[in-house]
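Contents: one structure, followed by commentary.
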Amino acid sequence: MPISPPSRLLLGPGPSNVHPRVLAAMAEPLVGHLDPFFLSLMDEVQDGLRSLFGTTNAMTLPLSATGSAGMEACLANLLEPGDEAVIGVAGVFGGRMCEVAGRIGARVTRVETEMGTALDPDAMRDAIVRARPKVVAFVHAETSTGVLQPVEDIASAARENGALVVLDCVTSLGGLPVELDAWGIDAAYSGTQKCLSCPPGLSPVSFSDRAIARVAERSHPVQSWFMDVSLLAGYYGGERAYHHTAPISAIYGLAEGLRLVHDEGMPARVDRHTEAQQALLAGLAPLGFEPLVDAAVRLPPLTTLRLPDTVGRVGEADVRRRLLDDHGIEVGGGLGKLAGQIWRIGLMGHNARAASVERLREALDGVLAGS
Ligand SMILES: *Cc1c(COP(=O)(O)O)cnc(C)c1O
């Protein structure tokens, strides 16, 4: 018996639904990872990622692992035990960065903000001036709260003080403008399962020449053999020497996903995400759902909504369960302090369209009317 998963509309914080063209590409026959066909496809993928990241960085590649591994790769290459790091924490994923940097042995200064608000660039600047860090790291699009962070102000404070900047672009790449070079970012990572409409399993990463130079000056080798960017350069740097076996089928999928982005064009794609969020807010407002986040810093691909009493009476987890069981729709619950208080609704990649919102609204009408 073949496995037959249920059909779901994935409107949580990721994964989002995979585009049918991506699924079809992934079912194509394997070739070897050193096959000329595959190498030219890898060139195309790396070029496509450079364009999406807004960079000319030579070391831009799809790491064979999920977004969290991209986070680990950026921090593990740029930090050594005892190094100072300043990390902005506006939610769960900023917190994860602190955990990763701490395990590397870095001395971490956490600069926190209330969940649901944006990092304060002045507070970041103060911490940077005090700690004189090697690395400043933060999240562009914080998926746990639905807040867009002020990248340019923080990045310039970091660079003026000689620090390298690491940016989490997991929920922004492919859904929002990302401009690593213009913003002065030295290392960034993303994931394929959010705004790129591919399955989870790859982490697009990019390292600037400054970052690569820093890695070359390290006094200890990078602790992780697999993630050491100077070794990854053997394959992804153009020489195409064996490092590890690239996940062929996943790369087929990403190549197709990047073609879809290219065909649509980023400006149109950004507009589509913004319009889908407007439709969501307008569609659910009559049911009593209110946005958690101020309009100025709201993240289009991921909306956080305060729950109305009608949902509270049934129990928010039960309502989500009925959306899934009876309507095949997944939405995300709140994390940390926001658990039980909000939902996180992702309209990412292929799913960022009015039809997704319409299905959700009808299903919610049904679930809440019956209770
Ligand atoms: C999803 C996410 C991650 C982690 O990615 P995985 O693919 O789940 O490992 C990291 N940062 C942000 C902002 C995310 O949304």
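What you are looking at is a predicted structure, and each value in this text was computed from that prediction instead of being measured. Ligands are counted one by one from 1 in listed order, and the atoms in each one are counted from 1 as well.
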Classify the ring geometry of Trp343 against Phe289: parallel below 30°, tilted from 30° to 60°, perpendicular beyond 60°.
tilted

Thr55-Asp181 side chain donor-acceptor pair, cut-off 3.5 Å
yes

Considering only the protein, which heavy-atom contact is closest to atom 3 (C) of ligand 1, and what is its distance?
Phe93 CE2, 3.4 Å

Could you pull out every donor-acceptor pair under 3.5 Å between side chains of residues 34-44 and any protein atom, sequence neighbours left out?
unit_1, atom_1, unit_2, atom_2, d
Asp35, OD1, Phe37, N, 2.8
Ser40, OG, Phe37, O, 3.2
Asp43, OD1, Arg240, NH2, 2.5
Glu44, OE1, Arg259, NH2, 2.9
Glu44, OE2, Arg259, NE, 2.7
Glu44, OE2, Arg259, NH2, 3.3

List the closest protein heavy-atom neighbour of atom 8 (O) of ligand 1: residue, atom name, distance to the nearest 0.1 Å.
Gln193 NE2, 3.7 Å

Purely on distance, is any nitrogen or oxygen of Tyr189 under 3.5 Å from one on ligand 1?
no

For Thr66 and ligand 1, does the shortest N/O to N/O distance drop below 3.5 Å?
yes

Distance filter under 4.0 Å to Thr171 heavy atoms, resulting ligand 1 atoms
15 (O)

Is a salt bridge present between Arg50 and Asp47, judged by a nitrogen-to-oxygen distance below 4.0 Å?
yes

Is any side-chain N of the basic residue among Glu84 and Lys134 closer than 4.0 Å to the acidic one's carboxylate O?
no

Which heavy atom of the protein is the closest neighbour of atom 15 (O) of ligand 1, given with residue, atom name and distance?
Thr143 OG1, 2.4 Å

Ligand 1 to Ala141, heavy atom cutoff 4.0 Å, flagged ligand atoms 13 (C)

What residue and heavy atom of the protein are closest to atom 2 (C) of ligand 1, and at what distance?
Lys194 NZ, 2.7 Å

Nearest protein heavy atom with distance in Å, relative to atom 11 (N) of ligand 1
Asp168 OD2, 2.6 Å

Using distance alone, decide if ligand 1 has a nitrogen or oxygen within less than 3.5 Å of any nitrogen or oxygen in Gly67.
yes

Which protein non-hydrogen atom lies closest to atom 4 (C) of ligand 1, naming both residue and atom, and how far is it?
Ser68 OG, 3.5 Å

State yes or no: are the ring centers of His244 and Trp225 separated by less than 6.0 Å?
no

Taking only Lys NZ, Arg NE, NH1 and NH2, and the carboxylate oxygens of Asp or Glu, determine whether Glu264 and Arg272 approach each other closer than 4.0 Å.
yes

Any idea how His33 and Tyr242 line up, ring-wise: parallel (<30°), tilted (30 to 60°), or perpendicular (>60°)?
perpendicular

